[in-house]
Amino acid sequence: MKERITKYLDTLINKGSVAIKLQFKKPRKSSKKYRFKEDPLGEEEKYSPIKGIVHKFGNRILWKITYRCAAHCQHCTRTRQIGTPDGDLTNENILSGAEYIRNHPEIDEVILSGGDPMFTVLDTMDALNELMKIETVKVIRIGTRMPLHSPDSFKTKHFKELLKKLRLIAKKRRLLVLVHINHPDELTRKVLNVLHTIKKTGAEILTQTVFLKGVNDNVEALEKMCITLYHNGIRPYYIYRCDYVRGLERFIVPLRKEKKIMTDLRKRLSGPAYPIYVIDLPDGRGKIPPPLDFWKNTGSSRTCFDFDEKKIRI
Ligand SMILES: *Cc1c(COP(=O)(O)O)cnc(C)c1O
Ligand code: SF4
């Protein structure tokens, strides 16, 4: 994956944000000692019935609209694909994706993903138009980092059209926008204003965060991030353990440390400001919350479920 960064993020790095620098700049010396696989979650081989679609769970699917993003996050779970044209969908791809969804009425939720579906606004609007014709789709989720990669884009004509469309969709379907945010430095006034604008369409905004070594593996940063979101009407929703993807080795935080942070954070944060901590298990069970330090005999014992850090290492 090539380095790619927006002017806006560059300004924040120049002002001294280490958390943003670590997420977007390649390290000067990159280690070639890879321990992980490229696609540990098996998105390509096992679960993709049709170009763009990942159907792993019965009722909900990912629809990857693009592999392009305004900036490239060095910790991206899809580093193998980001910035390549391989994920571009033709009009036919979009129609056949919609056809697949129509033929599977058990799918009640479609998660537009990528890449960043808000970066390729026009294709995303085509996909949204198709989805609105399918009665069985009750929930649309859009995963994006565009508000913090490029907040100024939201003033452009295409984005005004997208926001208009979101307003129409929110009247007819449940509409969630999941914004990937990792650190309070990302929540500038400009970014919060964009999030407010999206919220005004009637979409609900949730966030997803990834534990990243050196970026947010401390309780103070996460506390500040969650409180800022909460006070601004945004629900901190997920915090993931970083996936064991090739090239991401340097970002992995020790599991014990993450569990301690999440345990401490529970005391510091109001309930609705506290995100769910999950690990996307490579065996297909999905995003599973690991036991925290509140209980004795969890973690290594088998009282909850068979969860052992060594076992999930790849
Ligand atoms: C995360 C994910 C989903 C959504 O799962 P939730 O538990 O509803 O967040 C759906 N499909 C795939 C392939 C996913 O990775
Ligand atoms: S915006 Fe999302 S998909 Fe794009 S590089 Fe960042 S984490 Fe990956």
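In this chain, numbering begins with 1 at the start of the sequence shown. Each ligand, and each atom within it, is numbered from 1 in the order the structure gives.
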Q. Just distances here: any N/O of Lys287 and N/O of ligand 1 closer than 3.5 Å?
A. yes

Q) In the protein, which heavy atom is nearest to atom 9 (O) of ligand 1, and how far is it? A) Tyr238 OH, 2.6 Å

Q. Can you tell me if His72 has an N, O or S atom under 2.8 Å away from atom 8 (Fe) of ligand 2?
A. no

Q | Non-hydrogen atom of Arg78 closer than 4.0 Å to ligand 2 | A | no

Q.
Aromatic contact between Tyr277 and Tyr238, with the criterion being ring centroids under 6.0 Å apart: yes or no?
A. no

(Q) Looking at ligand 1, would Tyr47 count as a contact under a 4.0 Å heavy-atom criterion? (A) no

Q. Can an N, O or S atom be found in Cys76 less than 2.8 Å away from atom 6 (Fe) of ligand 2?
A. no

Q) Is the number of heavy atoms from other residues, nucleotides or ligands within 6.0 Å of NE2 (His196) greater than 12? A) yes

Q.
Please classify the Cys69 to ligand 2 contact at 4.0 Å (heavy-atom distances, strictly less than): side chain, backbone, both or neither.
A. side chain

Q: Take atom CZ of Arg235 as the centre, draw a 6.0 Å sphere, and report whether it contains more than 12 heavy atoms from other residues, nucleotides or ligands.
A: yes

(Q) Does Lys260, at its NZ atom, have more than 12 non-hydrogen atoms belonging to other residues, nucleotides or ligands within less than 6.0 Å? (A) no

Q. Does His180 approach ligand 2 within less than 4.0 angstrom via side chain, backbone, both or neither, non-hydrogen atoms only?
A. side chain

Q) Are any of the heavy atoms in His149 under 4.0 Å away from ligand 2? A) yes

Q.
Closer than 4.0 Å to some heavy atom of Arg145 - which atoms of ligand 2 meet that?
A. 1 (S)

**Q.** Nearest-contact summary for atom 6 (Fe) of ligand 2 - protein heavy atom, Å
**A.** Cys73 SG, 2.3 Å

Q) When you look at CD of Glu106, are more than 12 heavy atoms from neighbouring residues, nucleotides or ligands closer to it than 6.0 Å? A) yes

Q: Give the atoms of ligand 1, by number and element, whose distance to some non-hydrogen atom of Val54 is under 4.0 Å.
A: 13 (C)

(Q) Within ligand 2, which atoms have a heavy atom of Gly115 less than 4.0 Å away? (A) 3 (S)

Q: Please determine which of Leu12, Asn232, Leu148 meets the side chain to side chain contact (heavy atoms under 4.5 Å, CB included) test together with Val191.
A: Leu148

Q) Are the aromatic ring centres of His149 and His180 under 6.0 angstrom apart? A) no

Q. Would one find more than 12 heavy atoms of other residues, nucleotides or ligands at under 6.0 Å from atom NZ of Lys224?
A. no

Q) With no hydrogens and no angle check, do the side chains of Gln208 and Tyr237 hold a donor and an acceptor under 3.5 Å apart? A) no

Q. Within 45° of the six-membered ring axis of Phe294 and under 6.0 Å from that ring's centre, is NZ or CZ of Arg266 located there?
A. no

Q. To the nearest 0.1 Å, how far is atom 5 (O) of ligand 1 from its closest protein heavy atom, and which atom is that?
A. Arg60 NE, 3.2 Å

**Q.** Sub-4.0 Å heavy-atom contact, His55 with ligand 1
**A.** no

Q) atom 12 (C) of ligand 1: which protein heavy atom is closest, and how many Å away? A) Leu62 CG, 3.6 Å

Q | Pair Asn182-Thr209, side-chain hydrogen bond (donor to acceptor under 3.5 Å, both in side chains): steps then yes or no | A | CA-CA 5 Å; Asn182 294 328; Thr209 299; 4.6 Å; no

Q) What protein heavy atom is closest to atom 10 (C) of ligand 1, reported as residue, atom name and distance in Å? A) Phe57 CD1, 3.6 Å

Q | For atom 4 (C) of ligand 1, closest protein heavy-atom neighbour | A | Ile111 CD1, 3.4 Å

